[in-house]
Amino acid sequence: MTNLRLAKYVVSAVTIWVATSTLAQEATAINDATMANESMGENWLAFGRTYSEQRFSPLEQINKANVASLQPDWYIDLPNSRSLVSTPLVVDGVLYFIGGMNVVRAIDASSGEELWRYDPQVAEHASRRMRVGWDNSRGIGLWEDKVFVATWDGRLIGVDRHTGEEIWSAQTIDPELAMYITGAPKVFKGKVLIGNGGTEHGPNRGYVTAYDANTGEQAWRFYIVPGNPDDGFENDAMAMAAETWTGEWWLHGGGGNAWHGFTYDAELDQLYIGTGNGSPWNRQIRSPGGGDNLFLCSIVALDPDTGDYLWHYQTTPGDTWDYNSNMDIVLADLPIDGESVPALMHAPKNGFFYVIDRRDGSLISAQPYVPTTWASTIDLTTGRPIENPGVRYETAPARIAPSSIGGHSWHAMSYNPQTGLVYIPSIFLATGFSNGNIDIENYRNEQWRFDMAVGSGPGGGPTREFPGALQAWDPVRQERVWEVPADGVWNAGTLTTASNLVFQGRADGHLIAYAAESGEQLWDYDLGLGISAPPITYSIDGKQYLAILVGWGGSMAALGGGGMAQYGWAYGAQTRRLVSFSLNGESTLPPQAPPTIPQPLLSSDFIVDPQLAQSAAETFATACMWCHGGGAVSAGMAPDLRASAIPLSAAAFEQVVRGGALQNNGMPPFSDYSDEQLESLRHYIRAAAERTASTQ
Ligand code: CA
């Protein structure tokens, strides 16, 4: 043992001795028993707090009578972060969270003091992979003495949760494939599970992999869609799934990527995977003779020890609208026909709220929780949707609701067993679909290229008088109990507590508390920056805290455009933060910069060539847009290029775009771009700047 390692050993031995001798409290073991324990309110051990994913806390010190007096207790500024969308975890007074560039911090949860920081050096590892996925992570996992980090570039890493030292690292993605990770690792029974995204970034085939929590060795892998039959199927489930595909689907990858929505059921010892949509979106291309295309858009139950298939329920057979089922899967025993049924609840993108018997995957009930036009109802006998005519846009364009963002995205819903209600951040939008000018028979996507193989169609926009709402949904009666309209669509996940409170952060920067039974607003705190992460609650020495990451982000914030840019959360303008509130908090948050709308930079030296500008439209839409925003209108995840001086200089533009000069800020190198591509992009950006200036 080296001196350094010996010193560390002595320090940690002393730490443990101090901890056990001066504090009467025993350290919490992080295992199957504690992660299933609903009554242990002081900790928040897993993504959805406990294995049930209910995000229901038994704490009730903060209640309806006093919630209005919540004040910041401590905060930390995170100036180098962008998107903050993750759920922090808490064990024995230590808060762990993942921020920008996948940096993980351990924080004293009573003071905000940083204990350690682990930086997985994402920019260095990801390089061109930063072209896909952007700087989002929805969380981390805990098990025994480790915290698990899944990185943008596809690594799964086990870190010592007492010291922040890396213990093992496994690469979960083929470096040649345009896949990435934004999801939280799911930990159960000494294993760590991770999936990936990438359905829209190339002909990719989704899968999930489980690793040994101690060693990082692969335990099993489950593919979500079948591969080329000539290569043989991995298992009977893939042979069964292949019966539901037509044509040469494997040339398109198939998709189904599981990037979110993993639930472990400790009671039945089953693992549930929410699966993604098809690659590409358009079923006419990937499966031209039709078919359900298993296991796209499904909940698949697996044996947690082996990864063997147990059962599945497909929410959107033969999906062609991006109606993936990656949304959270929440477990509860529900009173159904006078019997307590072990159920799971799921509100996927397709707009129906599903209650499923988790013993065998049979459908109990399904009703639309947002306006739906693609299907009128779900047949309870067959479990299948009754589709409306023309919705597959095979012969004519169609307006479809919900939109491809979904009636509900990854923003967590919560379930309160006392009120029996589910609190869902909901979206009321439609999308126009068509085959556009796509060559259906010969279409191929390639790696690192965003493309869905659908054209635009008639009339998107809101399907109700407001574009979104926080809804309280009764899963037994399958009906809305109350709702609070929102003026935006990208509002964050929810938390509910035993004092019958519901907390939600919104796109407009407000963190709000509601009465869980009625939706009455009880508290409103303006954090001055869009909120995209769900709040958590924990307690230390009998004092309850409410913590939340404040940092506008996620895919819609990256996609930009007018609706998302309206809030003024411009790149670099406001400060990202972690804030923890309490009833006797005495901390004052420094004021945020006011909402800021970037102004186009004008130069009489740059003469836009409209034809050259137009020729870059496709490059911009399949690459740049996904961080810098549609039409070069950024919503704050990356600089607004209309306001940037870099496109004015050919040399500077080349250094950044092709040379990777800003790689450490998250700008990936596009080393394969030609001089012509770079030049036309400059003209595209400058045309957008001049267009904006002319309308002001
Ligand atoms: Ca998708």
Side-chain angles (χ1 to χ4, degrees), residues 1 5 8-9 12 29-32 34-35 45-47 51 86-87 89 91 94 96-98 101-106 116-127 129 133 137-177 179-198 206-224 234 257-260 262-264 271 273 302-308:
M1 194 179 274
R5 286 186 61 194
K8 275 182 184 154
Y9 175 78
S12 53
I30 305 176
N31 53 34
D32 288 309
T34 48
M35 289 212 278
L45 295 182
F47 182 73
Y51 276 152
S86 72
T87 298
L89 304 181
V91 55
V94 178
Y96 304 87
F97 77 97
I98 186 164
M101 302 303 265
N102 297 161
V103 172
V104 178
R105 289 171 173 84
W116 56 255
R117 186 183 299 197
Y118 170 73
D119 183 351
Q121 303 292 335
V122 160
E124 187 187 304
H125 283 85
S127 188
R129 196 173 298 281
S137 172
R138 290 181 299 277
I140 48 181
L142 290 172
W143 182 262
E144 294 177 346
D145 57 353
K146 292 185 196 67
V147 52
F148 301 96
V149 189
T151 63
W152 195 349
D153 52 280
R155 284 171 296 158
L156 181 66
I157 301 168
V159 172
D160 185 315
R161 73 177 172 92
H162 302 292
T163 64
E165 278 179 273
E166 182 174 317
I167 295 172
W168 58 259
S169 175
Q171 178 51 262
T172 74
I173 291 173
D174 179 338
E176 295 306 311
L177 302 181
M179 298 199 282
Y180 59 89
I181 300 176
T182 55
K186 180 79 208 171
V187 197
F188 54 89
K189 298 184 85 176
K191 292 187 174 60
V192 193
L193 180 97
I194 195 68
N196 47 63
Y207 58 85
V208 292
T209 318
Y211 297 84
D212 183 295
N214 282 321
T215 64
E217 253 176 273
Q218 183 173 322
W220 52 260
R221 174 167 290 181
F222 180 81
Y223 283 96
I224 290 156
E234 288 86 357
N257 299 65
W259 48 266
H260 192 75
F262 307 137
T263 296
Y264 174 63
L271 182 67
I273 308 294
L302 300 176
D303 182 315
D305 300 316
T306 62
D308 288 340

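All of these numbers come straight from a predicted model, not from anything done at the bench.
- Contact annotation: the side chain of I173 approaches that of Y207 to within less than 4.5 Å [non-hydrogen atoms, C-beta and beyond].
- One N or O on the side chain of W220 and one on the backbone of P304 form a donor-acceptor pair closer than 3.5 Å.
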Does the side chain to side chain contact (heavy atoms under 4.5 Å, CB included) test come out yes or no for K146 and V187, once each step is laid out? CA-CA 11 Å; K146 292 185 196 67; V187 197; over 6 Å; no
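- The residues D153 and R155 are annotated as salt-bridged, a charged nitrogen and a carboxylate oxygen being separated by less than 4.0 angstrom.
- Within the 4.5 Å cutoff, the side chain of Y264 has no heavy atoms near those of the L193 side chain.
- A pairwise comparison of heavy atoms in G139 and P185 identifies O-CD, 3.6 Å as the closest pair.
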Does W259 form a side chain to side chain contact (heavy atoms under 4.5 Å, CB included) with R138? I'd like the steps, not just the answer. CA-CA 10 Å; W259 48 266; R138 290 181 299 277; 3.3 Å; yes
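- L156 has its side chain within reach of V192: a pair of non-hydrogen atoms, C-beta onward, lies under 4.5 Å apart.
- Between W116 and Y96, the ring planes lie tilted relative to each other; the angle falls in the 30° to 60° range.
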Does M179 form a side chain to side chain contact (heavy atoms under 4.5 Å, CB included) with T172? I'd like the steps, not just the answer. CA-CA 10 Å; M179 298 199 282; T172 74; over 6 Å; no
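- For the pair T34 (side chain) and A29 (backbone), a donor-acceptor distance under 3.5 Å is present.
- In this structure, the side chains of V91 and R161 come closer than 4.5 Å at one or more pairs of heavy atoms.
- Pairing each heavy atom of P120 with each of H125, the nearest pair is O-ND1, 3.5 Å.
- Taking the six-membered ring where the residue is Trp, W168 and F148 present tilted rings, their angle falling between 30° and 60°.
- Side-chain contact check for E165 versus Y118: every heavy-atom pair is 4.5 Å or farther apart.
- Between the side chains of Y211 and E217, not a single donor N or O lies within less than 3.5 Å of an accepting N or O.
- Between D32 and K189 there is no salt bridge, since no side-chain nitrogen of the basic residue lies less than 4.0 Å from a carboxylate oxygen of the acidic one.
- Nearest approach of A123 to M101, heavy atoms of both residues: CB-CE, 3.7 Å.
- Only one option out of I194, N102, T151 pairs with I181 in a side-chain contact (heavy atoms from CB on, under 4.5 Å); it is I194.
- In this structure the side chain of I140 never reaches within 4.5 angstrom of the side chain of S86, judged on heavy atoms.
- Proximity of V103 to R117: side-chain heavy atoms (C-beta onward) are separated by under 4.5 Å at one or more points.
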Apply the test side chain to side chain contact (heavy atoms under 4.5 Å, CB included) to residues L271 and I273: give CA-CA distance (whole Å), side-chain angles for both, the deciding distance (0.1 Å), then the verdict. CA-CA 7 Å; L271 182 67; I273 308 294; 4.2 Å; yes
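- Side-chain contact between W143 and M35 is present, with at least one heavy-atom pair separated by less than 4.5 Å.
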